[in-house]
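Everything quoted here is computed from the prediction, not taken from an experiment. In this chain, residues are counted from 1 in sequence order.
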Amino acid sequence: MNKKNQNNKSTIFFAITTFVLICIIGTITFIVVKELYSVKENMPIDNNEIKEGTNNLITANVNVKIKTKTFELSCDKLEISNNIDTIDYDLVSFHVNLKNLTNQKIILQDYKDFYCLVNNKLQINITDKDTERKRLSKSLNANESSNGYITFKVPKNTKVFNLKYEDALLHIELLNNENSNLN
């Protein structure tokens with residue numbers, strides 16, 4: 001009889017433990033799904049801007065700026081569109097303003113001075129192939145500014161970008177970015 005009681009207690013303990021674990025896993029799953037849904041709701045992307053039948057251009061206004069001793073670099077807008085060559089990548093175009101703060105001319109090396117990092121991986125610069133958007137000037141005299149687009153091929157649905165020029169890094173997040181709004 002004692003062994004039977006012990007087996008019953010073990011079975012009850014196992015059932016209660018399993019029930020508690022299922023409740024905990026269910027609660028965690030609910031919280032994660034709810035959090036992911038709220039992140040999606042807070043993304044600064046206006047779905048009305050997506051035009052059916054086109055390459056689904058999405059525009060996000062951002063406001064990031066960095067100033068060094070030699071230049072000032074800012075990004076005020078991103079344009080994200082589908083890459084018609086592949087379904088795995090999007091094209092992101094950064095609208096940047098570069099101001100030369102030195103007394104010497106700055107020469108841009110065919111936009112190869114700009115880098116985009118996504119998850120610490122270098123992305124492909126395709127600015128030379130982008131014929132639709134205005135480009136930066138190839139050279140800037142002292143105290144001269146230029147604005148234009150730098151375009152990269154990035155993994156689909158990327159929301160965090162690091163745009164690098166020389167030793168400056170602009171960090172741009174489209175998720176929960178209070179400084180972002182859409183046209």
Side-chain angles (χ1 to χ4, degrees), residues 28-52 54-99 106 108-136 145-183:
I28 291 172
T29 303
F30 174 77
I31 291 169
V32 167
V33 168
K34 184 177 176 184
E35 187 64 29
L36 288 175
Y37 182 74
S38 72
V39 166
K40 182 180 176 185
E41 288 294 310
N42 292 328
M43 285 183 6
I45 295 178
D46 183 0
N47 291 329
N48 295 330
E49 287 295 315
I50 299 175
K51 297 172 181 63
E52 294 299 323
T54 66
N55 64 352
N56 294 338
L57 180 66
I58 299 170
T59 302
N61 290 332
V62 295
N63 184 18
V64 290
K65 182 187 287 189
I66 192 163
K67 186 175 183 178
T68 69
K69 291 180 181 180
T70 57
F71 63 88
E72 184 176 284
L73 176 67
S74 64
C75 178
D76 61 354
K77 181 168 54 171
L78 291 180
E79 291 182 358
I80 303 171
S81 60
N82 291 341
N83 181 1
I84 56 176
D85 297 335
T86 176
I87 59 170
D88 296 333
Y89 291 91
D90 285 332
L91 300 178
V92 62
S93 297
F94 299 88
H95 184 261
V96 297
N97 186 40
L98 180 63
K99 182 176 184 181
I106 292 179
L108 295 176
Q109 303 293 323
D110 294 327
Y111 308 103
K112 300 301 180 198
D113 294 333
F114 287 89
Y115 301 95
C116 179
L117 300 163
V118 173
N119 296 326
N120 293 323
K121 293 181 183 173
L122 208 54
Q123 302 306 303
I124 300 168
N125 187 331
I126 63 159
T127 303
D128 292 332
K129 296 176 184 173
D130 186 357
T131 57
E132 296 178 19
R133 292 169 187 82
K134 178 185 175 194
R135 293 176 165 192
L136 286 170
S145 294
S146 177
N147 67 66
Y149 287 90
I150 308 295
T151 303
F152 294 89
K153 188 192 274 190
V154 300
K156 192 159 272 319
N157 299 320
T158 299
K159 302 294 182 220
V160 179
F161 308 92
N162 288 304
L163 181 64
K164 188 171 193 284
Y165 173 72
E166 289 190 4
D167 57 348
L169 185 72
L170 295 179
H171 181 76
I172 302 167
E173 292 187 31
L174 295 183
L175 294 176
N176 298 325
N177 185 342
E178 293 175 7
N179 295 327
S180 293
N181 50 29
L182 296 168
N183 292 340

Give the minimum heavy-atom separation between [X] and [Y], together with the two atoms involved.
X: Ile66; Y: Ala168; answer: CG2-CB, 3.7 Å
X: Leu78; Y: Ile172; answer: CD1-CG2, 3.9 Å
X: Gly148; Y: Leu136; answer: N-CD2, 3.6 Å

Beyond-backbone contact of [X] with [Y], side-chain heavy atoms, under 4.5 angstrom:
X: Gln123; Y: Val92; result: no
X: Tyr165; Y: Thr68; result: no
X: Ile80; Y: Leu174; result: yes

Exercise for review: Going by the side chain to side chain donor-acceptor pair (under 3.5 Å) test, name the single residue among Glu132, Glu79, Arg135 that passes it with Tyr149.
Suggested key: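 Output: one option passes, namely Glu79.
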
Side-chain polar contacts of residues 150-157 - donor-acceptor pairs under 3.5 angstrom, sequence neighbours left out - could you list them?
{"unit_1": "Thr151", "atom_1": "OG1", "unit_2": "Ser93", "atom_2": "OG", "d": "2.8"}
{"unit_1": "Thr151", "atom_1": "OG1", "unit_2": "Asp130", "atom_2": "OD2", "d": "2.6"}
{"unit_1": "Lys156", "atom_1": "NZ", "unit_2": "Asp90", "atom_2": "OD1", "d": "2.6"}

Review point. What do you reckon, is CD1 of Ile124 surrounded by more than 12 foreign heavy atoms closer than 6.0 Å?
Key: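 Atom CD1 in Ile124 is not crowded, with 12 or fewer foreign heavy atoms closer than 6.0 Å.
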
Check your understanding: Under 3.5 Å, side chain of Lys134 to main-chain N/O of Asn147, donor-acceptor pair present?
Key -> yes

Distance (rounded to the nearest 0.5 Å) between [X] [atom1] and [Y] [atom2]:
X: Ser146; Y: Asn97; atom1: OG; atom2: CG; value: 7.5 Å
X: Asn120; Y: Asn162; atom1: CG; atom2: CG; value: 7.5 Å
X: His95; Y: Thr59; atom1: NE2; atom2: OG1; value: 11.5 Å
X: Phe94; Y: Thr127; atom1: CZ; atom2: OG1; value: 10.0 Å
X: Leu169; Y: Leu163; atom1: CG; atom2: CG; value: 8.0 Å
X: Phe114; Y: Leu170; atom1: CZ; atom2: CG; value: 9.0 Å

